[in-house]
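Right, one structure below, let's go through it.
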Protein chains: 2
Amino acid sequence: MKQFTKHNTRNSLRRIFLYHGLLLRLKSMGVTRVFSYTLAESAGVTPEQVRKDFSEYCIRGNRRGGYLTASLLDEMEVLFRRDRVTNVILVGMGNLGQALSKYGLFIQRGINIVATFDIDPYKQKSRADNQVYSPERMQEIIDRFHVTVAIVAVPDVSAQEVCNELIGMGIRGIVNFAPVLPRVPAYVVVNNVNLSDEIESVIWSVSRMREKQSLFL
Amino acid sequence: MKQFTKHNTRNSLRRIFLYHGLLLRLKSMGVTRVFSYTLAESAGVTPEQVRKDFSEYCIRGNRRGGYLTASLLDEMEVLFRRDRVTNVILVGMGNLGQALSKYGLFIQRGINIVATFDIDPYKQKSRADNQVYSPERMQEIIDRFHVTVAIVAVPDVSAQEVCNELIGMGIRGIVNFAPVLPRVPAYVVVNNVNLSDEIESVIWSVSRMREKQSLFL
DNA sequence: GGATTAATGTGAAACAATTCACAAAACATA
DNA sequence: TATGTTTTGTGAATTGTTTCACATTAATCC
Ligand SMILES: NC(=O)c1ccc[n+]([C@@H]2O[C@H](COP(=O)([O-])OP(=O)(O)OC[C@H]3O[C@@H](n4cnc5c(N)ncnc54)[C@H](O)[C@@H]3O)[C@@H](O)[C@H]2O)c1
Ligand SMILES: NC(=O)c1ccc[n+]([C@@H]2O[C@H](COP(=O)([O-])OP(=O)(O)OC[C@H]3O[C@@H](n4cnc5c(N)ncnc54)[C@H](O)[C@@H]3O)[C@@H](O)[C@H]2O)c1
């Protein structure tokens, strides 16, 4: 088991995933060799940052030669268990849940949505591409596919309850799209994604920028 | 125009939006008064952090009395131009675009999607609830509704091109869902949301946690 | 092979964010 | 009005992150 030298930070982890995505694209474009400044450029950070991040996860290149795209990807994928696909489940097949479940490129990133759930019987209709289960079958499916990560796309009022149930059934990681922060035990990882906030913060930054600008007119 | 005392940080801005969302919920639950520790609890941060954040944006409460939910919300909404609704457009009506366009609660957060666009003529069919325009009409609609912010939900290969066009038409803020970082001039704000990364980082944190745990077994 | 060049890798320095600690204010109570 | 209590607001200390500066390494070119 590889040991990381230092306490790896939340930020550097985020960026590692960013680099990974960029590398996949670069590879598909036929780029065989990258340099810290290549990645830095596409990722919008400094070259030092890229190297420091790699360093933190014990990923190393060739001095002078940069990094070979393919072997860098290999190394990252082994390191991050991306060498095999991870089964996840998705709870809440409303607007957002359906969009996520139809997204074809998750599998390229090693994310396999093995089953989706909804309490609404109307949504549980089975079509060839898209079987939506009743939550009653959740435990069975979690066990069968060794699922440890779930995506939660239910309304805010149900989110805490759904998270509690999932954790009781063995889920240890949750990506939560409801605009509440679920309370969970310390051994469970939660990532809250709030799309309204993402949009609002841009709106606000733009209006701030305009104000500042108007001072110079 | 209110001046902020210090260089406000990216993180504190994020949290301010988080607090705002939480406050809306608290208010709707009939809570009239909150304390820094109330918010801290729901936001998963320390009370000092909440107060520091407020302090940074010149939001103040009553010593001993905490904050009145309603007036705190008022203050935040005025401060963040949330007192009026902002018109935004949405480009790319695929899986994700459709989910976003159907989301009914954006308007509660002052986000009004005034028009959606797609190059696919099949998606441009007009239904009562959901008119999808051809990109040809973008300039006209941006001008008519004074739109400065756009949501981009097109495939990665089109994202840069779409961003360029939008900026040329006067857009100054972009929420980008494509897994690429568009290159934009300094006067344009971009917020990149990468849903694959969000899921992957949870998968990885869970697998790391399990490894660490297994050392103790 | 030695000099030159172009990259990485990383400790040290600078900067940023968070937590601590406590003074200042507001309210309640007598 | 004095006293005690509660909670805010914030400078100072701490902790975390990024940038800088340069030693180190590998390839290339006389
Ligand atoms: N759609 C968006 O663009 C968007 C934007 C911002 C935030 N969100 C948030 O994401 C979440 C999902 O959004 P949406 O638009 O898909 O909502 P939605 O109402 O369309 O879908 C929610 C689904 O969850 C199901 N559900 C409710 N309780 C459940 C339970 N206990 N177990 C299983 N399924 C349950 C419902 O039947 C419904 O199908 C919400 O919390 C919403 O606030 C969505
Ligand atoms: N759906 C998801 O859950 C999900 C998850 C992660 C990332 N993403 C990313 O979000 C983006 C959208 O995802 P999606 O699943 O909705 O994709 P999609 O392919 O379903 O939809 C993309 C839409 O954009 C339209 N389009 C293409 N070029 C255009 C242009 N120049 N102008 C206007 N419209 C154009 C297409 O006609 C299509 O309707 C993609 O970049 C995708 O990688 C989506």
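Residue numbering restarts at 1 for every chain, and letters A, B, ... go by the order of the sequence lines. No hydrogens, no waters, no symmetry mates; every other heavy atom, side chains included, goes into these values.
Applying the 3.5 Å distance criterion, the base of dT28(D) shares no donor-acceptor pair with the side chain of Arg64(A). Donor-acceptor pairing under 3.5 Å, judged by distance alone, is present between the side chain of Arg63(A) and the base of dT8(C).
In this structure, Met209(B) CE and Arg172(A) CZ are separated by 10.0 Å, a value rounded to the nearest 0.5 Å.
The phosphate of dT10(C) (OP1 or OP2) has a side-chain N or O of Arg60(A) nearer than 4.0 angstrom. Contact between the side-chain N/O atoms of Gln49(B) and the OP1/OP2 oxygens of dT19(C) is found at a separation under 4.0 Å. Side-chain N/O atoms of Arg51(B) include none lying less than 4.0 angstrom from OP1 or OP2 on dG9(D).
Remark: the backbone N or O of Arg33(A) is paired with a side-chain donor or acceptor of Thr69(A) at under 3.5 angstrom. A side-chain donor-acceptor contact under 3.5 Å links Gln98(B) to the backbone of Met93(B).
Looking at heavy-atom distances under 4.0 Å, Tyr67(B) makes contact with sugar-phosphate atoms alone, never a base. The residue Gly65(A) sits apart from the nucleic acid: no heavy atom pair falls under 4.0 Å. Backbone-only contact: Arg15(B) has heavy atoms under 4.0 Å from sugar-phosphate atoms and none from a base. Residue contacts shown for Tyr37(A) are limited to sugar-phosphate atoms, with no base heavy atom under 4.0 Å away.
In this structure, Tyr57(A) places its OH atom 17 Å from C1' of dT10(C), rounding to the nearest Å. Here the P atom of nucleotide dT8(D) and the CD atom of Glu56(B) are 18 Å apart, to the nearest Å. Straight-line distance from the CZ atom of Phe35(B) to the P atom of dA26(C): 15 Å, rounded to whole Å. What separates CG of Asp53(B) from C1' of dT8(D) is a distance of 14 Å, to the nearest Å. Distance CG (Leu72(A)) to C1' (dT8(C)): 13 Å, rounded to an integer number of Å. In this entry the distance linking CD1 of Ile59(B) with C1' of dT10(D) reads 16 Å, nearest Å. With rounding to whole Å, Glu48(A) atom CD is found 17 Å from dA6(C) atom P.
Evaluation of the ring pair (Phe, Tyr, Trp, His ring centres under 6.0 Å) rule for Phe177(B) yields no partner, not counting sequence neighbours.
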Exercise for review: Applying side chain to side chain donor-acceptor pair (under 3.5 Å), run through Gln160(B) and Asn164(B) and close with a yes or a no.
Suggested key: CA-CA 6 Å; Gln160(B) 181 66 60; Asn164(B) 292 347; 2.9 Å; yes
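If you find the closest nucleotide of DNA chain D to Thr46(A) and to Asn62(A), the one lying nearer the 5' end belongs to Thr46(A). Judged by closest nucleotide on DNA chain D, Ser36(B) is the one of Val45(A) and Ser36(B) placed further toward the 5' end.
Between the side chains of Gln139(B) and Asp143(B), at least one donor-acceptor pair of N or O atoms lies under 3.5 Å.
The existence of a salt bridge linking Arg51(B) and Glu56(B) is excluded, since no basic side-chain nitrogen approaches an acidic carboxylate oxygen closer than 4.0 Å.
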Review point. How would DNA chain D look in dot-bracket form, 5' to 3', counting Watson-Crick and G-U wobble pairs with both distances under 3.5 Å and writing | for bases paired to another strand?
Key: ||||||||||||||||||||||||||||||
